[in-house]
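I have placed the structure first, in the form of structure tokens, so that the comments after it can refer back to it.
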Protein chains: 2
Amino acid sequence: MSPAAPVEPKQSLTADAWAEAALEVIAQSGFDAVAVEPLARRLGVTKGSFYWHFENRDALLCAALERWERAETDDIVARIGPEPDPYQRIVKLFKAANASYRAGRLYLAIAAAEDKPMVQSFVRRVSERRMQYLFECYRALGFSEASAAHWARFAYATFMGNLQIGRDTPELMPTGAEFSEYVKLMIKVLIPREAPPDDDGDPPA
Amino acid sequence: MSPAAPVEPKQSLTADAWAEAALEVIAQSGFDAVAVEPLARRLGVTKGSFYWHFENRDALLCAALERWERAETDDIVARIGPEPDPYQRIVKLFKAANASYRAGRLYLAIAAAEDKPMVQSFVRRVSERRMQYLFECYRALGFSEASAAHWARFAYATFMGNLQIGRDTPELMPTGAEFSEYVKLMIKVLIPREAPPDDDGDPPA
DNA sequence: GTCTATCCATACGCTTGCGTATGGGGCAAG
DNA sequence: CTTGCCCCATACGCAAGCGTATGGATAGAC
């Protein structure tokens, strides 16, 4: 019932602080739940502060989305950047995908608001970048263009689906050792070490 | 700009018509977009009609969710019910999963509103029922309890992720023959005909 | 000390949507 | 014709949230 944690503004609020708070609300209650006045109460200030830092509500949402996109891009290169083996890169992606619960909720919440045109472009870029990264991993493993695209889509769909399951039915997502087995199974299946010899293999061109 | 299609109410409106219209709005604009007065305008009537059929807005949302759950349950048994082969049952599930675009959007939109306690139980039941169905398919294929749970979760995650990709980045989801190849690849990978002999196989107990 | 820019509070008007109260039109029963 | 019921329209009060206008407070510049 109490409005989360009405922190006192120890010093001047920055625009990034507003954007970060907006992302927090999005992760918790969805994109449409971002309102100026409740957010101000949450930060211990009033609207007067907000409309000094931002033009209007849409400007805040845009700033939050930019911050989100930047964080996603930084993560994908920072957490698994210096890894020469493409196999291990995909493995690390799997681990990282299920690592940050908040990041997963954020993606699902933002993607669920794709009817707003502003959101659509951000989600597209982030999603395309991730699948592109996976695509290059499979290419580096020796897959053809066509099969790499299929496997990258396949693997990415599994990422997304696991996020969804973890959010909607967390009791069906195992923990501990059983979860490790589950991840191991998916990695083993989604990263065939040698390309399959038949139709879905990798023809030279 | 125009409010969709303001149909004239040829005869008496039923509660189911309101629920169906609510589902349409959910699929198009998300769960929070369901408002009484816009919905009434959409149906060519006023609030006076609504509050005769329903106690309040929550009652409409509940009715819509019940209608959704019923439709999902009917679909899963009607579209692939009389199929003895568990392998073909999973294959049909894959086809059906990507068949109805609207059903996919509906699931994603409703699941994205799981912060509302009312929604959560519905999503849980539908999702658990689907995974249970998949689980039984894998069991019928000879998988152990543990591995069947893993493969069912794996396959369901892939379903969900493909829905998400098709909604967020439809240009990355192939069409026509290439889509068929994609589906064939997933089926081949997600339904190993003979259970693998090693660790993730199916020990007798 | 004064001045100015920065950051925020307060107060107001406006719109949208929820819920209620009340009345009215249509239609079948009597 | 009148009565009663079903379905809906109209009108109202209320709350929440957006955006604006304006003033106040604080801190550094000079």
Side-chain angles (χ1 to χ4, degrees), chain A residues 1-26 28-65 113 115-119, chain B residues 1-26 28-65 113 115-119:
Chain A
M1 294 304 178
S2 78
V7 291
E8 82 258 44
K10 43 201 318 180
Q11 65 179 5
S12 281
L13 239 51
T14 157
D16 267 348
W18 283 95
E20 182 57 35
L23 288 178
E24 198 62 37
V25 170
I26 292 174
Q28 284 183 7
S29 311
F31 198 81
D32 294 338
V34 178
V36 174
E37 283 158 325
L39 208 60
R41 285 192 290 271
R42 201 182 156 103
L43 291 173
V45 292
T46 66
K47 306 193 298 185
S49 171
F50 176 84
Y51 284 101
W52 193 91
H53 291 283
F54 293 94
E55 187 67 25
N56 50 25
R57 181 173 173 271
D58 275 354
L60 168 68
L61 294 175
C62 194
L65 288 172
D115 46 290
K116 287 88 178 172
M118 181 178 54
V119 177
Chain B
M1 293 300 178
S2 77
V7 292
E8 82 259 44
K10 43 201 318 178
Q11 65 177 3
S12 282
L13 239 51
T14 157
D16 268 347
W18 283 96
E20 182 57 34
L23 288 178
E24 198 62 37
V25 171
I26 292 174
Q28 284 184 7
S29 312
F31 198 80
D32 294 338
V34 179
V36 174
E37 282 158 324
L39 209 61
R41 285 193 291 269
R42 201 181 155 102
L43 290 172
V45 293
T46 66
K47 305 192 301 185
S49 171
F50 175 85
Y51 284 99
W52 193 92
H53 291 285
F54 293 94
E55 187 67 26
N56 49 24
R57 181 174 172 272
D58 275 355
L60 168 68
L61 293 175
C62 195
L65 288 172
D115 46 289
K116 288 86 180 172
M118 180 179 54
V119 177

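Quick note on labels: first sequence line is chain A, next is B, and so on, each numbered from 1.
Between A:Pro38 and B:Thr14, the residue whose closest nucleotide on DNA chain D is further toward the 5' end is B:Thr14. Positionally, the nearest nucleotide of DNA chain C for A:Gly48 lies more toward the 5' end than for the other of A:Gly48 and A:Glu37.
A:Phe50 and A:Trp18 have perpendicular rings, their planes meeting at more than 60° on a 0 to 90° scale where under 30° would count as parallel.
Closest contact between the side chain of A:Tyr51 and the listed nucleotides C:dC8, D:dC8, D:dT20 involves D:dT20. Taking the side chain of A:Trp52 as heavy atoms from C-beta on, and the options D:dC8, C:dT6, C:dA9, the nearest nucleotide is C:dT6. Closest contact between the side chain of A:Ala35 and the listed nucleotides D:dC8, C:dG17, D:dG17 involves D:dG17. Proximity note for A:Arg41 (side chain, C-beta onward) versus D:dG17, D:dC18, C:dC8: the nearest is D:dG17.
Taking CD of A:Glu24 as the start and OG of A:Ser29 as the end, the distance is 9.5 Å to the nearest 0.5 Å. Residue A:Glu20 holds its CD atom at 5.5 Å from CG of A:Leu23, rounded to the nearest 0.5 Å. Put simply, CG on A:Asp58 and CE on A:Met118 are 5.0 Å apart, with the number rounded to the nearest 0.5 Å. In this structure, OG1 in A:Thr46 is found 9.5 Å from CD in A:Glu37, a value given to the nearest 0.5 Å.
Within residues 15-24 of chain B, no residue has a heavy atom under 4.0 Å from DNA chain C.
Residue B:Val119 comes nearest to B:Phe31 through the heavy atom pair CG2-CZ, 3.5 Å, listed as atom of the first residue, atom of the second, then distance.
As rounded to whole Å, 11 Å separates atom C1' of D:dT20 from atom CD of A:Glu55. Taking atom CZ of residue A:Phe50 and atom P of nucleotide C:dC7, one finds them 15 Å apart after rounding to whole Å. Nucleotide C:dT15 holds its P atom 18 Å from the CG atom of A:Asn56, rounded to whole Å. In this entry the distance linking CZ of B:Arg57 with P of C:dT16 reads 17 Å, nearest Å. Atoms CG (B:Asp32) and P (C:dG17) sit 13 Å apart, rounded to a whole Å. Distance CZ (A:Phe54) to C1' (D:dC18): 16 Å, rounded to an integer number of Å. Summarising the geometry, the separation between CG on B:Asp58 and C1' on C:dG17 is reported as 14 Å, rounded to the nearest angstrom. Distance CG (B:Leu43) to C1' (D:dC7): 14 Å, rounded to an integer number of Å.
In this structure, A:His53 contributes its side chain and A:Leu13 its backbone to a donor-acceptor pair below 3.5 Å.
Contact check, A:His53 against C:dC8: a side-chain N or O comes under 4.0 Å of OP1 or OP2.
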